[in-house]
Undergrad: 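One structure is given below, represented as structure tokens, and several questions about it will come after.
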Amino acid sequence: MANNQFKPFATSNNANVTAQSDYENLSALLSGFQSGKASSMQINKVLRQSSTIASAVAQVVSDVTSSDVLDNGNQASLVALLKKALSGKLINVQVFTQSGTYTPSNGTASIIVEALGGGGGSGGVPATTSSQSGISAPGTSGSYAKARYTSSFSGAQVIIGAGGAAGSATVSASDGAATTFGTLLSCPGGKGSGIGVVSSGAAVAPAPNQSASPTGSNIIRASSGVAVNNAIQAAVGVATGWYSAPSGDGTSSSGVGASGRYNPPNNSALSGYSGTSGVVIVWEYN
């Protein structure tokens, strides 16, 4: 166990110290003790106040750093240990919803980056007759990654991947674009779905593949987005599976694949929806 040599003074219940109320009204609090004799109770109170807080701070430093805090007069060593104890604290969070340049906040020593690629778009559905209905599958969410960096992050170019464009009744939807943090991290976008199907009976609109896996260094956690199921029509007017899945991190509204479309009987052609853009979140630590 690490050793703390800074000890509090006069801490017993019957310690010979001035009462707190008397101490707060002591004129020497402002001017200090002048010539003559000071009461031992007053001196003990001063020593207890200063030594107790010094001991408490030293104990926190010792506990956090697992280091000995020595009363050897080495102020530089104490300052270094105190800085070590205070490091690693969250000092700021920067959120990028648009592309830009990352400039660290003052005092940033390390960062954790979370990134989501753009979500894939969804395909449209052709026109239906009175005896038909149709569906298209949703797009998939962009990939997600969380990584930690202690160097080479200042000035990183942040590129926010756009959501994939909506498809039409004749053109498949587009994939979402990759979100990148400099050369350190890249999160590919989700896949767009194809043109929907129209049928007077059962039909299946195939789900697109998941996004590619994130790439980069020091990745703590990664996901290739969330897989979606085929959109299924059991009969005319009875369909399921065209709703979008959650984002790659499971919580964000960024990087989400677009919901597919359901086209009821006797309706004109429908376009799909666009996926949502990605995001980069930078957690800054001292």
Side-chain angles (χ1 to χ4, degrees), residues 88 90 92-105 108-122 137-167 172-194 206-229 243-260 273-285:
L90 180 66
N92 193 30
V93 179
Q94 295 194 39
V95 179
F96 290 83
T97 56
Q98 296 181 340
S99 299
T101 301
Y102 170 61
T103 302
S105 300
T108 299
S110 66
I111 60 173
I112 288 179
V113 178
E114 292 188 274
L116 282 164
S122 64
T140 59
S141 57
S143 65
Y144 164 79
K146 181 178 183 179
R148 181 175 183 268
Y149 303 105
T150 58
S151 63
S152 303
F153 51 76
S154 181
Q157 294 300 305
V158 178
I159 304 298
I160 301 301
S172 296
S174 300
D175 296 343
T179 292
T180 59
F181 184 79
T183 60
L184 299 174
L185 187 64
S186 178
C187 291
K191 300 297 184 180
S193 64
N209 295 324
Q210 286 178 262
S211 64
S213 298
T215 57
S217 58
N218 301 332
I219 294 177
I220 302 169
R221 178 187 166 204
S223 166
S224 297
V226 179
V228 294
N229 296 319
Y243 294 109
S244 64
S247 64
D249 67 348
T251 61
S252 177
S253 59
S254 300
V256 177
S259 291
Y273 296 116
S274 298
T276 63
S277 298
V279 68
V280 167
I281 304 173
V282 184
W283 305 79
E284 300 176 320
Y285 299 85

Undergrad: Can you give me the closest heavy-atom contact between G194 and S172, atom names plus distance?
TA: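 Nearest pair, atom of G194 first, then S172: CA-OG, 3.5 Å.
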
Undergrad: Tell me every residue that passes side-chain hydrogen bond (donor to acceptor under 3.5 Å, both in side chains) with S223, counting only those two or more places apart in sequence or in another chain.
TA: none

Undergrad: Going by heavy atoms in the side chains, are Y102 and E284 under 4.5 Å from each other?
TA: yes

Undergrad: Write down the atom of A178, the atom of S186, and the distance for their closest heavy-atom approach.
TA: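 For A178 versus S186, the nearest heavy atoms are CB-OG, 4.2 Å.
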
Undergrad: For the residue pair S224 / Q210, report whether a side-chain donor-acceptor contact shorter than 3.5 Å exists.
TA: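 No.
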
Undergrad: Would you find a donor on one side and an acceptor on the other, under 3.5 Å apart, between the side chain of S244 and the backbone of P138?
TA: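 No, S244 side chain to P138 backbone: no donor-acceptor pair under 3.5 Å.
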
Undergrad: Atom CG of N92 and atom CD1 of I111: how far apart are they, to the nearest 0.5 Å?
TA: 12.0 Å

Undergrad: Please confirm whether the backbone N or O of S211 pairs with a side-chain atom of S143, one donor and one acceptor, at under 3.5 Å?
TA: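 No, the answer is negative, given that no donor and acceptor are paired below the 3.5 Å cut-off.
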
Undergrad: Would you say that I220 contacts R148 through its side chain, given a criterion of any heavy-atom pair below 4.5 Å between the two side chains?
TA: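 They are in contact (side-chain heavy atoms under 4.5 Å apart), so the answer is yes.
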
Undergrad: Do T108 and Y285 pass the side-chain contact (heavy atoms from CB on, under 4.5 Å) test, and can you show the C-alpha distance, the side-chain angles, and the key distance before you say yes or no?
TA: CA-CA 5 Å; T108 299; Y285 299 85; over 6 Å; no

Undergrad: Using atom types as modelled and distance alone, determine if a side-chain donor or acceptor of T276 lies under 3.5 Å from a backbone N or O of G255.
TA: yes

Undergrad: Could you report the tightest heavy-atom contact between T179 and G117, atom names first, then the distance?
TA: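 Scanning both residues completely, I find the closest heavy atoms to be OG1-CA, 3.6 Å.
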
Undergrad: Which heavy-atom pair separates S152 from L184 by the least distance, and what is that distance?
TA: O-CD1, 3.6 Å

Undergrad: Other residues, nucleotides and ligands only: do more than 12 of their heavy atoms fall within 6.0 Å of OH on Y273?
TA: no

Undergrad: Just how far is it from atom CD1 of I281 to atom CD of Q94, taken to the nearest 0.5 Å?
TA: 12.0 Å

Undergrad: For G192, is there any backbone N or O sitting under 3.5 Å from a side-chain donor or acceptor partner on D175?
TA: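 Yes, the answer is positive, given that a donor and an acceptor are paired below the 3.5 Å cut-off.
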
Undergrad: Is any side-chain heavy atom of V95 closer than 4.5 Å to one of V279?
TA: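 SC-SC contact between V279 and V95 confirmed.
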
Undergrad: Return the minimal non-hydrogen interatomic distance between V256 and S247, and the atom names on each side.
TA: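 So the minimum-distance heavy-atom pair works out to CG2-CB, 3.8 Å.
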
Undergrad: Please give me the minimum heavy-atom distance between L116 and G142, naming the atom from each residue.
TA: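 Distance-wise, the nearest heavy atoms are CD2-O, 4.2 Å.
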
Undergrad: Do the side chain of Q157 and the main chain of S99 share a donor and acceptor less than 3.5 angstrom apart?
TA: no

Undergrad: Please report the interatomic distance CD1(I219) to OG(S213), rounded to the nearest 0.5 Å.
TA: 9.0 Å

Undergrad: Kindly assign one of parallel, tilted or perpendicular to the pair Y149 and F181, based on the angle between their ring planes and the thresholds 30° and 60°.
TA: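 Ring orientation of Y149 relative to F181: parallel.
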
Undergrad: Quick one, P104 and F153 - any side-chain contact, counting heavy atoms below 4.5 Å?
TA: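 Yes. Closest side-chain heavy atoms under 4.5 Å.
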
Undergrad: Can you tell me how far the CD1 atom of I160 sits from the OG atom of S277, to the nearest 0.5 Å?
TA: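 Between atom CD1 of I160 and atom OG of S277 there are 8.5 Å.
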
